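Note that the structure is predicted; figures quoted are calculated from it, not measured. Just follow the structure's listing: the first ligand is 1, and inside any ligand the first atom is 1.
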Amino acid sequence: MSIEIRHVTKQFGSFRALNDVSLDIESGELVALLGPSGCGKTTLLRIIAGLESADTGSILFSGEDTTEVHVRDRQVGFVFQHYALFRHMTVAENVAFGLRVKPRSQRPSDAQIKAKVTDLLKLVQLDWLADRYPSQLSGGQRQRIALARALAVEPKVLLLDEPFGALDAKVRKELRRWLRRLHDELHVTSIFVTHDQEEALEVADRVVVMNKGQIEQVGTPQQVWEQPASPFVYGFLGDVNLFRGRASDGQMQVGDWQLAAPEVAGALGADAMAFVRPSDLVVSRYVAGAPGLAARLDRALVVGPIARLELVPAEGDTTQLLEAHLGAEEYRALQLKEGDTVLVSPRKARVFLETTDDPAAMI
Ligand SMILES: Nc1ncnc2c1ncn2[C@@H]1O[C@H](COP(=O)(O)OP(=O)(O)OP(=O)(O)O)[C@@H](O)[C@H]1O
């Protein structure tokens, strides 16, 4: 089932939680709503579910306006961060619940319910836990059961609100891979909310980056990572170095060095910022007169195959540490020690004008 979100606005008192949000989700897609705490992700999810109503705008399921459709009739399955399993019911009873409470005319027979529960527990690979109670399960197992329970009623849309938020890092990682595989098998249109960029980039077909009640960018994980549409998206999606300077005629001047800035080709002497990811900062031994920004190697942390360097620029804003990531072998070959002066230059940078963070204005 496809979902269209049309100009949705939601106000709590004087606070605008959602500001004219529009988004199209295709049938069978797995979409992540990603953004910092308070940006409106959960509010949008609750409006899609029908648990909350929009002040203005509408939500369409397969082209049909859902405004008047009760949450019960929207055929939506939910999984929340905090396990919502019934404690006094076994795992199998929990999964069967949605089927048992159906009106008699729609309710499957006991044998059909039993078969369905067994299938679902196999699907989430926990059929051996059918007779246990929730308190006898790990956090990760409970979330998988919560998902099996949500799937029992064959929802057309699956909404997941930080489903792995309460779990430790290793379990989260396992579960998100598992969720991706499960989605590939079932193709239920799914929206999941997360503030963890790694989770969104790894699991979703498309990522919707939100900030302050608005959508900043929608794209595949690769698009939002490689072509962030705004400084906010750049900063939110990973560690980043920021250089300030001036842009003119498609070039940006940062101290003594220049970088190509075709994205702001029209600017003439405008204040600009260049964003460079730590893995796109090239570090070389200092040679007088060679191009690059001189910096002091403050700290080098070599763990496994990656060397993480903290560098203090020799000029400009010396209070702002730069971070460079390079291969451990490459770092060793440079034969540097802490305190040495090095040269840094960006392999790849993305330039935005200072005056605005509206990507449409950056021409
Ligand atoms: N019922 C409510 N009454 C008043 N304010 C609310 C209500 N629900 C949400 N808000 C406010 O709206 C904003 C968006 O909340 P929302 O829960 O959608 O954010 P979120 O992006 O999901 O954040 P988090 O990741 O912390 O859950 C927040 O500032 C929140 O305080």
Side-chain angles (χ1 to χ4, degrees), residues 3-25 29-59 66-67 70-71 74 76-84 139-140 142-143 146-147 150 157-169 171-173 175-176 179 189-219 221 224 228-239 357:
I3 303 172
E4 290 162 61
I5 299 160
R6 292 272 168 269
H7 303 291
V8 165
T9 298
K10 179 74 186 177
Q11 194 112 359
F12 293 111
S14 62
F15 180 78
R16 185 161 276 208
L18 292 174
N19 189 6
D20 194 18
V21 170
S22 292
L23 175 69
D24 284 347
I25 297 172
E29 252 193 318
L30 174 54
V31 165
L33 298 182
L34 173 69
S37 182
C39 72
K41 311 178 292 286
T42 297
T43 304
L44 184 57
L45 201 73
R46 289 175 59 82
I47 289 175
I48 297 169
L51 294 167
E52 195 93 62
S53 59
D55 295 338
T56 59
S58 50
I59 308 284
T66 61
T67 312
H70 191 273
V71 54
R74 289 194 185 197
V76 165
F78 300 100
V79 181
F80 296 107
Q81 172 171 358
H82 294 289
Y83 333 109
R142 278 181 224 171
Q143 285 309 73
L147 194 57
V157 174
L158 193 58
L159 303 176
L160 307 113
D161 192 354
E162 301 262 7
F164 312 137
L167 307 172
D168 71 51
V171 178
R172 283 179 81 118
K173 216 165 181 156
L175 281 193
R176 65 194 191 216
L179 176 66
T189 310
S190 305
I191 307 177
F192 83 98
V193 160
T194 180
H195 61 261
D196 178 339
Q197 13 101 358
E198 211 180 291
E199 187 162 285
L201 295 176
E202 192 176 311
V203 174
D205 295 316
R206 281 193 308 152
V207 178
V208 177
V209 186
M210 294 182 64
N211 181 29
K212 295 185 186 154
Q214 285 180 310
I215 292 178
E216 290 264 338
Q217 186 172 7
V218 182
V224 293
S230 66
F232 173 82
V233 178
Y234 223 113
F236 192 72
L237 284 187
D239 295 332
D357 59 7

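Summarising the geometry of Ser58 relative to Val8, their closest heavy-atom pair is O-CG2, 3.8 Å, with the distance given to 0.1 Å. Taking every heavy atom of both residues into account, Gln197 and Phe236 meet most closely at CG-O, 3.4 Å.
Using a cut-off of 4.0 Å between Lys/Arg side-chain N and Asp/Glu carboxylate O, Glu198 and Lys173 are scored as salt-bridged.
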As a test of reading the model: which N/O atoms of the protein lie under 3.5 Å from N/O atoms of ligand 1, and at what distance?
{"unit_1": "ligand 1", "atom_1": "18 (O)", "unit_2": "Thr42", "atom_2": "N", "d": "3.4"}
{"unit_1": "ligand 1", "atom_1": "18 (O)", "unit_2": "Thr43", "atom_2": "N", "d": "2.8"}
{"unit_1": "ligand 1", "atom_1": "18 (O)", "unit_2": "Thr43", "atom_2": "OG1", "d": "2.6"}
{"unit_1": "ligand 1", "atom_1": "19 (O)", "unit_2": "Gly40", "atom_2": "N", "d": "3.4"}
{"unit_1": "ligand 1", "atom_1": "21 (O)", "unit_2": "Gly38", "atom_2": "N", "d": "3.4"}
{"unit_1": "ligand 1", "atom_1": "21 (O)", "unit_2": "Cys39", "atom_2": "N", "d": "3.0"}
{"unit_1": "ligand 1", "atom_1": "21 (O)", "unit_2": "Gly40", "atom_2": "N", "d": "3.0"}
{"unit_1": "ligand 1", "atom_1": "21 (O)", "unit_2": "Lys41", "atom_2": "N", "d": "3.1"}
{"unit_1": "ligand 1", "atom_1": "21 (O)", "unit_2": "Lys41", "atom_2": "NZ", "d": "3.0"}
{"unit_1": "ligand 1", "atom_1": "22 (O)", "unit_2": "Thr42", "atom_2": "N", "d": "2.9"}
{"unit_1": "ligand 1", "atom_1": "22 (O)", "unit_2": "Thr42", "atom_2": "OG1", "d": "2.7"}
{"unit_1": "ligand 1", "atom_1": "23 (O)", "unit_2": "Gly38", "atom_2": "N", "d": "2.7"}
{"unit_1": "ligand 1", "atom_1": "25 (O)", "unit_2": "Lys41", "atom_2": "NZ", "d": "2.9"}
{"unit_1": "ligand 1", "atom_1": "26 (O)", "unit_2": "Ser37", "atom_2": "OG", "d": "2.5"}

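Partners of Thr56 under the side chain to side chain contact (heavy atoms under 4.5 Å, CB included) rule, at least two apart in sequence or in another chain, are Thr9. Among residues two or more places apart in sequence or in another chain, the salt bridge (Lys or Arg N to Asp or Glu O under 4.0 Å) test is passed with Glu162 by none.
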Using distance only, find each side-chain donor-acceptor pair of residues 44-55 under 3.5 Å and give its atom names and separation, not counting sequence neighbours.
{"unit_1": "Arg46", "atom_1": "NE", "unit_2": "Glu52", "atom_2": "OE1", "d": "3.2"}
{"unit_1": "Asp55", "atom_1": "OD2", "unit_2": "Gln11", "atom_2": "N", "d": "2.6"}

